[in-house]
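All values reported here derive from a predicted model rather than from experimental measurement.
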Amino acid sequence: MATSVGSVHSSSDLVKDYVCFACECKNLEESADYFCETCMKFFCGKCIYQHDQLYTTHSKYGRGETKKWPLPKKIEDLLLKCDVHKDKKLKMFCQDHSQLCCTDCFLLDHRQCTNVKLISESVNKMSVDMQQLSSNLQTILDELNKFKSSQEVSIQSVEVSYSEKLQEIRDLRKKLNATLDALENTTLKELDELRTTLQAALKKDVENCSRLKDELKQLSEAVQGLCEKSKKEMEFIASRKCLDKLQESESYLKENSVKMQSSIIFKANIDIEKYLSQQTSLGKFVESKPSLTLKISPNQILTVKSKSEYSVRMSSDTKKTCLISGICCLPSGLVIVTDSYNYKVKLFDQQYNMTSHCDVTGNPDSICQITSSEVAVAVASDVQFISVSNGQLVNGRKFQLQHAALSIGHHQGALYITSGTALYHYTLTGSLVKKLYEDASRSITVWKCAVSPAGDRIYVTNPSQHKLITFATDGTLISTFKDPELKYPWVVHVTPSGQVLVCGTNSHTVIQVNHEGSKRLATLVSNKDGVSSPISVCYNTNTHQILVGLHRLDKIKVLELQ
């Protein structure tokens, strides 16, 4: 079967091109331009001239007729080679097993089969749709490329998470060291206090002994001086003083006779060492995978079956109400929200209990996930990176922009940031790549943005004109959408399956829009469901819920989906 040069090049990297026979004999490699059917050889443009001088009647075909060219030897060898016995060529086809066979295959595995024929005989009874085969091959190749790309992304994710966990382990070790240091300091303080107490008591004993000894020595010298004197009055006084001092000394010695030599004994808290010795590591590692989701169409309509509310207020909040301007659900199940009024970013567990918070330098607005444990927050004109470490929110690096940062979206290292009137593309290090779109006709025409999971679409809200605008990632306009159910569209969010959710602040609605951003598919909730002025929305993959932040309300509304 003839194969064109173009198809050969696209089908395999093994085949560079057809090579000129005459040049190859001279150890030269020159691409062939002609095939001589009579000689069954290929020739380049120079060699075909000499060939034609000698063989004027031979039939030859140029590159314009490559369908009449035979298969290149490399392709022919590739196809005819047995996959099991590499040095054998395929000769037969076993219909019983639908398997190509070489002579060794036949002798070893197919001698008992009843329908084994030569390939040359089998082809007469079979028809092959090469176009369909080519299409099937291309489909599988595309799937393999997608899988390869996803695994390459996973490799990067593993490296990022490895670095994060390494830092967490080091932070944990620092905490353990700090705890042990605190225990050591407390123990040393107790040791110092005990030494001071003991030393003070012992020094007092030494001082009392020295005083009594000096006084007794003085009295002893006085008694010796009176032995040769006949002074009855002085002798009487001396005897009384000596008796009193002797009694005082004997009483002191009697009271302190039980005192042994003092020292300090330390009884270690063996429970600490015992507990640590029983541990095999500082923690456990598990492979974190995104929740398995079916291949859901981005236009499949979501349905709300129940609603609940959870408080987002904490005792240290200084404002009368909270303003939950952004919500982000991490793969671990943790939920991070931005409280714009209180200048805080708050962390919640899977049951929506607040577990941590961190302060920021301005009004935190939009939030987006960067890695499995890191988010980026738009704060005034800054982009603040915040990570979750040991269940705590930790402020990381940040960079400043030359314009306001009202919303932020991320896809594979690309940050998309809105300023109110323009949409920008930045890198993760804060370098401006491109201004993608601008509408300075009003003050809030480019408000909040969200990126599709494939990274091919950017959805932007325009509250001033009650519009949702959809762009390609190069800034090309794809669609503009308006709907009576969407008044003053504030925020847009895209689920991992590509479903587009938009909050209408003045219409008090959360609606679902099709993937193209051109048609309303459903109104998920409205004012009659207790939704008033929604300003943030996020889909929680772990719980199959939609989280909605409402204007001037200290709660988030959780929508349970069917």
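The environment of CZ in Arg173 is sparse: at most 12 heavy-atom neighbours from other residues, nucleotides or ligands sit within 6.0 Å. Annotation: Lys555, atom NZ; neighbour count of heavy atoms from other residues, nucleotides and ligands within 6.0 Å does not exceed 12. Within a 6.0 Å radius of CD in Gln131, no more than 12 heavy atoms belonging to other residues, nucleotides or ligands are found. In Asp83, the CG atom is not crowded: 12 or fewer heavy atoms of neighbouring residues, nucleotides or ligands sit closer than 6.0 Å. Shown here is Gln402, whose CD atom has no more than 12 heavy atoms of other residues, nucleotides or ligands within 6.0 Å. Enclosure of atom NZ in Lys86 by more than 12 non-hydrogen atoms of other residues, nucleotides or ligands within 6.0 angstrom is indicated. Counting non-hydrogen atoms of neighbouring residues, nucleotides and ligands closer than 6.0 angstrom, the NZ atom of Lys165 exceeds 12 such neighbours.
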Might you work through the side chain to side chain contact (heavy atoms under 4.5 Å, CB included) test for Ile535 and Leu323, ending with a clear yes or no? CA-CA 9 Å; Ile535 57 170; Leu323 185 69; 3.2 Å; yes

Let me see the working for Tyr18 and Phe35 under ring-ring contact (aromatic ring centres under 6.0 Å, His included), right down to the final yes or no. CA-CA 9 Å; Tyr18 297 85; Phe35 170 67; 8.4 Å; no

Go through Ile444 and Tyr488 one step at a time and tell me if the side chain to side chain contact (heavy atoms under 4.5 Å, CB included) criterion holds. CA-CA 10 Å; Ile444 48 175; Tyr488 217 71; 2.6 Å; yes

Going through the distances and angles, do Trp447 and Asn462 end up as a side chain to side chain contact (heavy atoms under 4.5 Å, CB included)? CA-CA 6 Å; Trp447 197 238; Asn462 180 339; over 6 Å; no

Given the rule in the side-chain hydrogen bond (donor to acceptor under 3.5 Å, both in side chains) test, do Ser149 and Asn145 qualify, once you have shown the distances and angles that lead to the verdict? CA-CA 6 Å; Ser149 298; Asn145 282 331; over 6 Å; no

Chi angles and distances behind the side-chain hydrogen bond (donor to acceptor under 3.5 Å, both in side chains) call for Ser297, Asn299: CA-CA 5 Å; Ser297 165; Asn299 293 329; 4.7 Å; no

Could you give me the CA-CA distance, side-chain angles and deciding distance for Lys346 and Asp317, then say whether salt bridge (charged side-chain N to carboxylate O under 4.0 Å, His left out) is met? CA-CA 11 Å; Lys346 301 176 178 179; Asp317 288 341; 2.8 Å; yes

Derivation and outcome, side chain to side chain contact (heavy atoms under 4.5 Å, CB included), residues Ile546 and Val558: CA-CA 6 Å; Ile546 294 175; Val558 177; over 6 Å; no

Please lay out, stage by stage, how Thr543 and Gln350 fare under the test side-chain hydrogen bond (donor to acceptor under 3.5 Å, both in side chains). CA-CA 8 Å; Thr543 58; Gln350 296 186 38; over 6 Å; no

Full working for side-chain hydrogen bond (donor to acceptor under 3.5 Å, both in side chains) between Ser389 and Ser387: CA-CA 6 Å; Ser389 178; Ser387 60; over 6 Å; no

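Listed for the Thr509 side chain is a donor-acceptor partner under 3.5 Å among the backbone atoms of Glu485. Judged by distance alone, the side chain of Ser325 and the main-chain N or O of Pro364 form a donor-acceptor pair under 3.5 Å. Side-chain atoms of Ser479 come within 3.5 Å of backbone atoms of Glu516 as a donor-acceptor pair (strictly under, hydrogens ignored). Between the side chain of Ser497 and the main chain of Pro298, no donor-acceptor pair closer than 3.5 Å is present. The backbone N or O of Leu436 sits nowhere less than 3.5 Å from a side-chain atom of His425 that would complete a donor-acceptor pair. Looking only at distances, no side-chain donor or acceptor of Tyr352 sits under 3.5 Å from a matching main-chain atom of Ser311. A donor-acceptor pair under 3.5 Å is formed between the side chain of Arg63 and the backbone N or O of Ala32. Under the 3.5 Å distance criterion, the side-chain polar atoms of Asn353 are left unmatched by any main-chain donor or acceptor of Asp349. Using modelled atom types, no side-chain atom of Tyr424 and backbone atom of Leu415 make a donor-acceptor pair closer than 3.5 Å. Between the side chain of Asn395 and the backbone N or O of Asp359, at least one donor-acceptor pair lies under 3.5 Å.
Going from atom CD1 of Ile367 over to atom OG of Ser407 covers 11.5 Å, rounded to the nearest 0.5 Å. Considering CG of Asp529 and NZ of Lys307, their distance stands at 4.5 Å, rounded to 0.5 Å. Interatomic distance, Leu468 CG to His466 NE2, rounded to the nearest 0.5 Å: 14.0 Å. Taking CG from Asn540 and SG from Cys329, the interatomic distance works out to 4.0 Å, rounded to the nearest 0.5 Å. Rounding to the nearest 0.5 angstrom, the gap separating the OH atom in Tyr426 from the OG atom in Ser431 is 9.5 Å. Once rounded to the nearest 0.5 Å, the distance linking CG of Asp554 with OG1 of Thr321 reads 6.0 Å.
Using the six-membered ring where Trp is involved, His544 and Tyr539 have ring planes that are perpendicular, over 60° apart on the 30 and 60° scheme.
You'll find the side chain of Thr461 stays beyond 4.5 Å of the side chain of Val491, heavy atoms only. For the pair Tyr310 and Val335, the minimum side-chain heavy-atom distance is 4.5 Å or more. Residues Met314 and His357 have side chains in contact (heavy-atom distance under 4.5 Å, counting atoms from C-beta outward). Residues His508 and Ser526 have side chains not in contact (no heavy-atom distance under 4.5 Å, counting atoms from C-beta outward). Proximity of Leu486 to Val502: side-chain heavy atoms (C-beta onward) are separated by under 4.5 Å at one or more points. Contact check for Ile169 versus Leu282: side-chain heavy atoms found under the 4.5 Å cut-off. Side-chain contact between Val494 and Gln499 is absent, with no heavy atoms from C-beta onward closer than 4.5 Å. The shortest side-chain heavy-atom distance between Asp382 and Phe399 does not fall under the 4.5 Å cut-off.
Using a cutoff of 4.0 Å between basic side-chain nitrogens and carboxylate oxygens, Glu560 and Lys305 are not scored as salt-bridged. With respect to the salt-bridge test (charged N to carboxylate O, under 4.0 angstrom), the residues Asp365 and Lys448 qualify. Under a 4.0 Å N-O distance rule, the pair Lys435/Glu438 qualifies as a salt bridge. Salt bridge Asp339/Lys344: absent, no basic N to carboxylate O contact under 4.0 Å.
A pairwise comparison of heavy atoms in Lys398 and Phe385 identifies CA-CD1, 4.5 Å as the closest pair. Heavy atoms only, all atoms of each residue included: Ser452 and His515 are closest at CB-CE1, 4.4 Å. In plain terms, the two heavy atoms of Lys557 and Gly530 that are nearest each other are CE-O, 3.3 Å. Of all the heavy atoms in Cys449 and Ile458, the pair that sits closest is CB-CG2, 4.3 Å.
Residues Glu164 and Thr371 bring a donor and an acceptor atom of their side chains to less than 3.5 Å of each other.
None of Tyr34, Trp69, Tyr61, Phe21 except one satisfies the ring pair (Phe, Tyr, Trp, His ring centres under 6.0 Å) rule with Phe42; the exception is Trp69.
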